[in-house]
Amino acid sequence: MRIATWNVNSVRMRLPRVVEWLGRQQPDVLCLQETKTVDADFPRGEFEALGYHVEVFGQKTYNGVALLSRTRALAVVRGLPDDPPDADRRLIGGVFEGVRVIGVYVPNGTEVGSERFAFKLAWFRRLREMLEASCSTGDPVLICGDFNVAPEDRDVHDPDAWRGRLLFHPDEQEALRHLMAWGLVDAFRLHETRGGHYTWWDYRAGAFHRGWGLRIDLVLMTEALAARCRSVTIDRDARKGEKPSDHAPVIADLV
DNA sequence: ATGGCTACTCCTAGTAGA
């Protein structure tokens, strides 16, 4: 079973890239973030034509998440349970072949110390509360998406330059650790301990070609599911070429 | 590395992302 995550930075702008990628990588489930599209304008038919079921949770201009899947999503959830009705649309989950998959777009935080930064930290806590209320650590649970924080020094091209900045601040790292302490492992690190593997590169300054990246897109799993995980790969090639997203997809293969 | 880009919008300038 192949489960992938990709922050596409507008699903309409990225449609040809995503269609090409689905044909090449053939995921069973793809979690999309930053679709930036109201549900009525989501290019549902283009994905259905490729044999994918589509579940969306979008909004105008910002945020927006979706699930594409070979089997129909069961027990679909949209948003955090304590979200107000007008909340950002940042979470969508479903059950596929018995695996609970949750795709997340964690708030960016805007600026360290800002109100939006506090909202980001609180969002991590609320995600943990959702897990405590609705999942068991003994179940096969996978949470993937754009977490907007690099977990460790080896996940940043220049940790000393980045330390204390947005995406690499100790408070963000602590918020991620507290989420994971519920009972999740960073599946990429099951198979690769070295640095130099990133999922996001700034559009500016030729950052991609200069290797200035961060690993902020993660696949977290309960131990129960991690035992079935054979590989986690970052499809760096998807960051190349015409009109790329600024994020690369991450692919987890389970037996 | 950070006023080097990209995508959005009551669209040609301002906002936000990461």
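What you are looking at is a predicted structure, and each value in this text was computed from that prediction instead of being measured. Numbered from 1 within each chain, the chains take letters A, B, ... in sequence-line order.
- Going from atom CD of A:E111 over to atom C1' of B:dT2 covers 14 Å, rounded to whole Å.
- Comparing the P positions of B:dG4 and B:dC10 gives a spacing of 26 Å, expressed to the nearest Å.
- Comparing the C1' positions of B:dA13 and B:dG3 gives a spacing of 15 Å, expressed to the nearest Å.
- In terms of position along DNA chain B, the nucleotide closest to A:H157 lies nearer the 5' end than the nucleotide closest to the other residue of the pair A:H157 and A:K243.
- The interatomic distance linking A:L15 (CG) with B:dA7 (C1') rounds to 16 Å, in whole Å.
- Partners of A:P85 under the side-chain contact (heavy atoms from CB on, under 4.5 Å) rule, at least two apart in sequence or in another chain, do not exist in this structure.
- Residues passing the side-chain contact (heavy atoms from CB on, under 4.5 Å) test with A:A175 are A:L121, A:F124, sequence neighbours excluded.
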For residues 234-241 of chain A, which side-chain donor-acceptor pairs fall under 3.5 Å, sequence neighbours excluded?
residue	atom	partner	partner atom	Å
A:D235	OD1	A:D237	N	3.4
A:D235	OD2	A:W21	NE1	2.7
A:D235	OD2	A:Q25	NE2	3.1
A:D237	OD1	A:K240	NZ	2.9
A:R239	NE	A:S245	O	3.4
A:R239	NE	A:D246	O	3.3
A:R239	NH2	A:W201	O	2.9
A:R239	NH2	A:D202	O	3.4

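- Straight-line distance between the C1' atoms of B:dA1 and B:dT15: roughly 22 Å, to the nearest whole Å.
- Relative ring orientation between A:F47 and A:F42 is described as tilted, the plane-to-plane angle lying within the 30° to 60° band.
- Nucleotides B:dT2 and B:dA16 are separated by 23 Å at their P atoms, to the nearest Å.
- Sorted by first and then second residue, the side-chain hydrogen bond (donor to acceptor under 3.5 Å, both in side chains) pairs involving residues 125-134 of chain A (not counting sequence neighbours) are A:D82-A:R126, A:D83-A:R126, A:R128-A:E132.
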Run A:L167 and A:V149 through side chain to side chain contact (heavy atoms under 4.5 Å, CB included) and show every step you take. CA-CA 4 Å; A:L167 314 182; A:V149 55; 5.8 Å; no

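- Between the P atoms of B:dA18 and B:dT6, the separation comes to 16 Å (whole Å).
- Separation of the C1' atoms belonging to B:dA7 and B:dT12 is 15 Å when rounded to the nearest angstrom.
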Protein-proximity profile, nucleotides 9-18 of chain B, B/S/- by nucleotide at the 4.0 Å heavy-atom cutoff, equals SS-----SBB

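- The separation between A:Q59 atom CD and B:dA7 atom P is 18 Å, rounded to whole Å.
- As rounded to whole Å, 14 Å separates atom P of B:dT6 from atom CZ of A:F208.
- Listed by first and then second residue, the salt bridge (Lys or Arg N to Asp or Glu O under 4.0 Å) pairs involving residues 92-115 of chain A amount to none (not counting sequence neighbours).
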